[in-house]
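One structure is given below, encoded as structure tokens.
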There are 2 protein chains.
Amino acid sequence: MARPSKKEHILREGLEVVRRKGFTAAGVRDITAAAGVPQGSFTNHFTSKEAFGLEILDRYFADVRDLIAATLRAPDLPPLRRLAAYFDAVTARLAERGWHHGCLVGNMSLESAEHSEAIRARLAAIFAEWREPFAECLAQARERGELADGAAPDDLADFLLSSWQGAILRMKVERDPAPLERFTRVVFTGVLRPPPR
Amino acid sequence: MARPSKKEHILREGLEVVRRKGFTAAGVRDITAAAGVPQGSFTNHFTSKEAFGLEILDRYFADVRDLIAATLRAPDLPPLRRLAAYFDAVTARLAERGWHHGCLVGNMSLESAEHSEAIRARLAAIFAEWREPFAECLAQARERGELADGAAPDDLADFLLSSWQGAILRMKVERDPAPLERFTRVVFTGVLRPPPR
DNA sequence: GCGACCAATACGGTCGTACATATTTATCGC
DNA sequence: GCGATAAATATGTACGACCGTATTGGTCGC
């Protein structure tokens with residue numbers, strides 16, 4: 001066929017640039033410079049910047065899937081513990097970036113969903129997939145009698161996912177983990193309470 | 001002084017353009033064109049685009065203050081009713097825009113907080129002020145025995161505010177009010193429950 | 001006539017994208 | 001084995017448009 005592609009390299013470094021600067025503000029030249037490739041390489045691998053945006057979204061969410069597998073689907077933990085493990089793991093990753101960059105999915109939701117119908121649709125699909133492991137966890141918790149009656153697991157899952165995005169938003173503004181900690185505190189003492197007995 | 005300034009006009013129309021396109025993507029020429037003024041007028045009234053951004057933030061939040069006064073501080077409603085009135089009023093405004101544009105504060109939090117320290121600081125101040133009427137409402141509800149013990153009013157207020165931003169984010173992606181409705185459903189049945197008796 | 005505002009134009013730089021050409025490599029006929 | 005071929009990738013450069021900002025002079029009201 002042909003020689004080894006630098007596409008992966010562009011995606012990896014480009015994702016990083018977009019996380020730092022935002023999708024609109026990150027120029028094609030910023031991306032290729034970070035990847036150490038000439039400008040033309042971008043055109044070769046991506047039909048447009050929008051197409052590139054779709055690919056980094058997929059790449060980012062693939063990583064989220066791994067995180068979900070390691071936490072929400074952990075085999076030997078009770079459901080609510082798995083939930084807590086997920087939020088803790090994300091918090092640790094956000095800490096690595098000094099509470100600066102937040103979540104690519106959330107960032108592009110507010111920045112790019114309006115500009116591009118393709119990106120908006122992809123984001124919607126991502127959120128739909130994202131909800132499932134949460135809903136499963138919550139359903140299991142209720143089944144085991146560890147979660148009081150209340151909203152349906154699907155509703156609760158979407159609520160947690162959305163609210164978590166809101167907490168990350170606040171974290172970005174305050175550059176401080178307090179909003180994340182407040183989230184887990186309120187959620188695990190107020191929202192996900194055990195049934196009365 | 002001098003002849004009537006077009007600054008207000010630029011701010012009003014510019015705010016609209018920024019809400020539609022995002023702060024980065026909205027060019028100075030877009031703004032002046034929407035206001036029907038020549039380009040130079042922008043330079044005359046704003047030392048930079050960043051300064052303009054700070055002013056539209058203030059302008060936007062002044063409107064939020066009015067909404068708060070009309071709902072969260074309504075004299076003749078019980079506290080939790082006032083909370084619901086606030087979320088309903090915001091939902092009505094988002095509906096006017098076809099669930100497209102979300103909240104300027106949230107948008108700039110994810111898009112511009114990283115680019116400009118001045119904007120980040122202003123956003124933090126806005127959120128701090130925003131929390132107060134919520135915290136008051138919640139404290140009153142607890143005082144009147146209409147809200148179960150749990151998280152401190154300050155924590156709960158920030159949690160609600162953040163989570164509401166998250167719900168708006170999801171609304172923007174799905175272009176549908178379902179996330180907003182889910183928010184109020186979960187919050188008013190699960191988070192803000194009455195004390196046991 | 002002075003200060004505040006309006007108006008027009010221009011600057012240097014960057015944007016996303018296009019394109020023509022060169023280089024590398026897997027595959028296949030032989 | 002081996003050279004030809006075709007496909008995929010790499011590269012360098014250029015386009016036209018737009019970016020935020022600056023500058024200059026005109027115009028109005030006090």
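Naming: A, B, ... by sequence-line order, numbering from 1 per chain.
Applying the ring pair (Phe, Tyr, Trp, His ring centres under 6.0 Å) rule to A:Phe61 yields the partners A:Trp130; only residues at least two apart in sequence or on another chain are considered. Residues forming a side-chain hydrogen bond (donor to acceptor under 3.5 Å, both in side chains) with B:Arg142 (at least two apart in sequence, or on another chain): none. With sequence neighbours left out, B:Ser163 forms a side-chain hydrogen bond (donor to acceptor under 3.5 Å, both in side chains) with A:Ser163. By the side-chain hydrogen bond (donor to acceptor under 3.5 Å, both in side chains) test, B:Gln39 pairs with B:Arg29, sequence neighbours left out. Applying the ring pair (Phe, Tyr, Trp, His ring centres under 6.0 Å) rule to A:Tyr86 yields the partners A:Phe134; only residues at least two apart in sequence or on another chain are considered.
Between the CZ atom of A:Phe42 and the C1' atom of D:dA10 there is a distance of 16 Å, rounded to whole Å. For the pair A:Lys6 NZ and D:dA10 C1', the interatomic distance rounds to 7 Å; values are reported in whole Å.
For A:Thr43, taking side-chain heavy atoms from C-beta onward, the closest of the listed nucleotides D:dT11, C:dT17, C:dT9 is C:dT17.
Near DNA chain D, meaning a heavy atom under 4.0 Å from it, residues 44-54 of chain A has A:Asn44, A:His45 in order of number. Residues from residues 110-121 of chain B placing a heavy atom under 4.0 Å of any atom in DNA chain D do not occur. Using a 4.0 Å cutoff on non-hydrogen atoms, the parts of residues 9-35 of chain B near DNA chain C are B:Arg29, ordered by number.
Among the candidates B:Ile168, B:Val173, B:Leu180, the single residue satisfying the side chain to side chain contact (heavy atoms under 4.5 Å, CB included) test with B:Trp99 is B:Leu180.
Distance alone, capped at 3.5 Å, places no donor-acceptor pair between the A:Arg182 side chain and the B:Leu156 backbone. Distance alone, capped at 3.5 Å, is enough to place a donor-acceptor pair between the B:Asn44 side chain and the B:Gly40 backbone.
Applying the salt bridge (charged side-chain N to carboxylate O under 4.0 Å, His left out) definition to pairs two or more places apart or across chains, those involving residues 61-71 of chain B are B:Asp63-B:Arg93, B:Arg65-B:Glu129. Sorted by first and then second residue, the side chain to side chain donor-acceptor pair (under 3.5 Å) pairs with a member in residues 46-59 of chain B read B:Lys7-B:Glu55, B:Glu8-B:Arg59, B:Glu50-B:Ser116, B:Asp58-B:Arg122; sequence neighbours excluded. Applying the salt bridge (charged side-chain N to carboxylate O under 4.0 Å, His left out) test to pairs two or more places apart or on separate chains, those with a residue in residues 94-118 of chain B are A:Arg175-B:Glu114, A:Arg175-B:Glu117, B:Glu16-B:Arg97, B:Glu117-B:Arg120.
Residue A:Lys7 places none of its side-chain N or O atoms closer than 4.0 Å to OP1 or OP2 of D:dA10.
Using the six-membered ring where Trp is involved, A:Phe87 and A:Phe188 have ring planes that are perpendicular, over 60° apart on the 30 and 60° scheme.
Of all heavy-atom pairs spanning A:Leu169 and B:Gly106, the tightest one is CD1-O, 3.8 Å.
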Could you write out DNA chain C as a dot-bracket string, with dots for unpaired bases, | for bases paired across to another strand, and Watson-Crick or G-U pairs counted at under 3.5 Å? ||||.|||||||||||||||||||||||||
